[in-house]
Amino acid sequence: MNPMQVSTPIRSPTWVSRRRLLEEKLSDLHKCTNLKQIKQVHAQILKADLHQDLFVAPKLIAAFSLCRQMVLAVNAFNQIQEPNVHLYNTLIRAHCQNSQSLQAFAAFFEMQSSGIFPDNFTYPFLLKACPGQSWLPMVQMIHSHIEKFGFCSDIFVPNSLLDSYSKCGSVGVNAARKLFQVMGERDVVSWNSMIGGLAKAGELGEARRLFDEMPERDTVSWNTILDGYVKAGEMNKAFELFEKMPGRNVVSWSTMVSGYCKVGDMDMARMLFDKMPVKNLVTWTIIISGYAQKGLANEAISLYDNMEESGLKPDDGAVISVLAACAESGLLGLGQKVHASIKRTRFKCSTQVLNALIDMYAKCGSLDKAYIVFDGIAKRDVVSWNAMLQGLATHGHGEKALKLFSRMKQEGFKPDKVTLVGVLCACTHAGLVEEGIQYFYTMESNYGIVPQVEHYGCMIDLLGRGGRLKEAFRLVHSMPMEPNAIIWGTLLGACRMHNDVDLAGQVVDHLVKLEPSDPGNLSMLSNIYAAAGDWDSVSNVRLRMRSTGIQKPSGASSIEVDDEVHEFTVSDRTHPKSDKIYQMVDRLVDDLKQVGYVPKAYQ
DNA sequence: CTAGGGTTAG
């Protein structure tokens, strides 16, 4: 349809005056984040009969979208009889902001089929709805559309395309490279996107070359290359750049803090954190999660308090990050604190936050609390079910997990590949070998899920733990994909469990090829030979270890009591209270023996 | 365009 033909309703003088009354309230409506206010204005709009106005509706949609009220947003959209490009663009952007990529595309296709042509805003919004590698085909489709209709006059369009490609893994980065080369005009944003994409794809050298080549660099350019080094763990190089870059901003500082947290250097992280002139919510999230990941509960908790005292209210991202860190290190205390602060400050939480809570409670061993959160979710999604299922499965409640699985199907949820990992894992932990095999071989026909490497991993664990090593080994060889290190590692674990020395030797050969610098593999083999009393083979392996120059650092466990970290290694007597500790260990071993546990070391 | 972000086999 020709845009000129869109009929404009005739405005009566009363209409104009009604609208003028609301004008002031409408002007900032699309930026309003207070749902109550929006609903008030909405009521006034309805009263004034302005809800079908092409000027008012986009503002309403944007406002509802900001408050994550997509049902209301779509409703506002549906009030319009003949939506135009602008309205569709607003809807697409709204879906995109609320990570409803599919709905964004649905809106796009609907727009096309009603004969409305996309403009210079449509494609960039749509490209934003393509998060990551799995959306590469959609990015390619949009690319061909753009080429067909020639919207490249505005650099915003090719820049968006470049950025989307560069976030789509190595294949996408190749396409981005090509596009970057043929782009007639490049601004600093084009360069930044290209450099960021290369750095993310692990092409740090090429990224650095482009960075050096750029005609002009802004703070984002510096931050991008800085992050490239940080993600590669090259903190020395990152620090060097950080020191000499002009105009550091809060992102530059936060990037450095994040890098030091990732390599575990909390002293440097804290020093920079204390020194940085401006901190925001992201900065606080980074440092708190950093401490939490290291298991330093007291530091993390006191910083969380400081953050709230400084008047910052954690958003979804902050809550999810901190909870994920708690889950990783089992910091139930901090997790509960976050939960309490959510309950205190929020009327309701997004499903994403509740899912993070389930996972945190489950991973910290508080399955009952996980269940309470799970039961209380108004709108469960597949991730909620998966988190709960996985939690039950990994804590030995295999049957309960399978029951949850049937409930999930009863309530009409479609299992995805993660669900099936949980189901197979549940079978493994409940010793239900036959059931697991059944699920594995029927998952494609029953649920349309083609077994992936993760599912094979579960199967190998299932068969291996059940002592069916030969079958497990055959399965590894019949896999349609290349077995990865986890697969071989699982099999090796099973060999150790059942003292299969021959198989272990073969498995380790594969493992060493995949992880040549991992000292754990050979040392595991050595332990297996030792357990079988094959001391010649043990010394052979030791020789192999020495000839490759690989040394296994002795494994150490550490616990944290009252903010003091205590580290322990094998037969460690250096701790001041080691006598008491060993007394306790002996008592525990006795208790375990009484319930039928046979410790390996005492065999 | 840059910093934090829910479920995934050893």
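Just so it is clear: chains get the letters A, B, ... in the order the sequence lines come, proteins before strands, and each one is counted from 1.
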Would you say M245(A) and N223(A) make side-chain contact, with heavy atoms under 4.5 Å?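 Touching, per the 4.5 Å side-chain cut-off.
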
Regarding [X], tell me which of base, sugar-phosphate or nothing describes its non-hydrogen contacts under 4.0 Å with the strands shown.
{"X": "D315(A)", "value": "base"}
{"X": "D381(A)", "value": "base"}
{"X": "D187(A)", "value": "nothing"}
{"X": "V453(A)", "value": "base"}
{"X": "S289(A)", "value": "nothing"}
{"X": "T255(A)", "value": "sugar-phosphate"}
{"X": "I286(A)", "value": "sugar-phosphate"}

From C-beta outward on [X], which listed nucleotide comes closest to its side chain: [options]?
{"X": "N280(A)", "options": "dT2(B), dA3(B), dT7(B)", "result": "dA3(B)"}
{"X": "S193(A)", "options": "dC1(B), dA3(B), dG4(B)", "result": "dC1(B)"}
{"X": "K200(A)", "options": "dA3(B), dA9(B), dT8(B)", "result": "dA3(B)"}
{"X": "S321(A)", "options": "dG5(B), dT8(B), dT7(B)", "result": "dG5(B)"}
{"X": "A387(A)", "options": "dT8(B), dA3(B), dT7(B)", "result": "dT7(B)"}
{"X": "Q390(A)", "options": "dT7(B), dA3(B), dG10(B)", "result": "dT7(B)"}
{"X": "V250(A)", "options": "dG5(B), dA3(B), dT2(B)", "result": "dA3(B)"}
{"X": "D461(A)", "options": "dG10(B), dG4(B), dC1(B)", "result": "dG10(B)"}
{"X": "D359(A)", "options": "dT2(B), dT7(B), dA9(B)", "result": "dT7(B)"}
{"X": "D163(A)", "options": "dC1(B), dT7(B), dA3(B)", "result": "dC1(B)"}

[atom1] of [X] versus [atom2] of [N]: gap in Å, rounded?
{"X": "L312(A)", "N": "dA3(B)", "atom1": "CG", "atom2": "C1'", "answer": "15 Å"}
{"X": "F180(A)", "N": "dC1(B)", "atom1": "CZ", "atom2": "C1'", "answer": "12 Å"}
{"X": "I288(A)", "N": "dG5(B)", "atom1": "CD1", "atom2": "P", "answer": "13 Å"}
{"X": "F473(A)", "N": "dG10(B)", "atom1": "CZ", "atom2": "P", "answer": "20 Å"}
{"X": "Y304(A)", "N": "dG4(B)", "atom1": "OH", "atom2": "C1'", "answer": "13 Å"}
{"X": "Y229(A)", "N": "dT2(B)", "atom1": "OH", "atom2": "P", "answer": "19 Å"}
{"X": "M276(A)", "N": "dA3(B)", "atom1": "CE", "atom2": "P", "answer": "14 Å"}
{"X": "D416(A)", "N": "dA9(B)", "atom1": "CG", "atom2": "P", "answer": "13 Å"}

Report yes if a side-chain nitrogen or oxygen of [X] is closer than 4.0 Å to either non-bridging phosphate oxygen (OP1 or OP2) of [N]; otherwise report no.
{"X": "K128(A)", "N": "dC1(B)", "value": "yes"}
{"X": "K363(A)", "N": "dT8(B)", "value": "yes"}
{"X": "K262(A)", "N": "dG4(B)", "value": "yes"}
{"X": "K231(A)", "N": "dG4(B)", "value": "yes"}

Assess whether ring pair (Phe, Tyr, Trp, His ring centres under 6.0 Å) is satisfied between F242(A) and W253(A), documenting all intermediate values. CA-CA 8 Å; F242(A) 176 72; W253(A) 286 89; 5.1 Å; yes

Could you work out, with side-chain contact (heavy atoms from CB on, under 4.5 Å) as the rule, every residue matching C130(A), not counting sequence neighbours?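 Checked C130(A) against side-chain contact (heavy atoms from CB on, under 4.5 Å); matches are F105(A), W135(A), M138(A), V139(A), I142(A).
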
Residue of the set E234(A), R208(A), E240(A) for which side-chain hydrogen bond (donor to acceptor under 3.5 Å, both in side chains) holds with Y229(A):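 The option that passes is R208(A).
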
Would you confirm whether the ring centroid of F211(A) sits within less than 6.0 angstrom of the ring centroid of W191(A)?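 No, they do not, as the ring centres are separated by 6.0 Å or more.
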
Hey, would you say the W385(A) and F405(A) ring centroids sit under 6.0 Å apart?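 Centroid separation for W385(A) and F405(A): 6.0 Å or greater.
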
Any idea how F473(A) and H477(A) line up, ring-wise: parallel (<30°), tilted (30 to 60°), or perpendicular (>60°)?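 Geometry flag for H477(A) against F473(A): perpendicular rings.
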
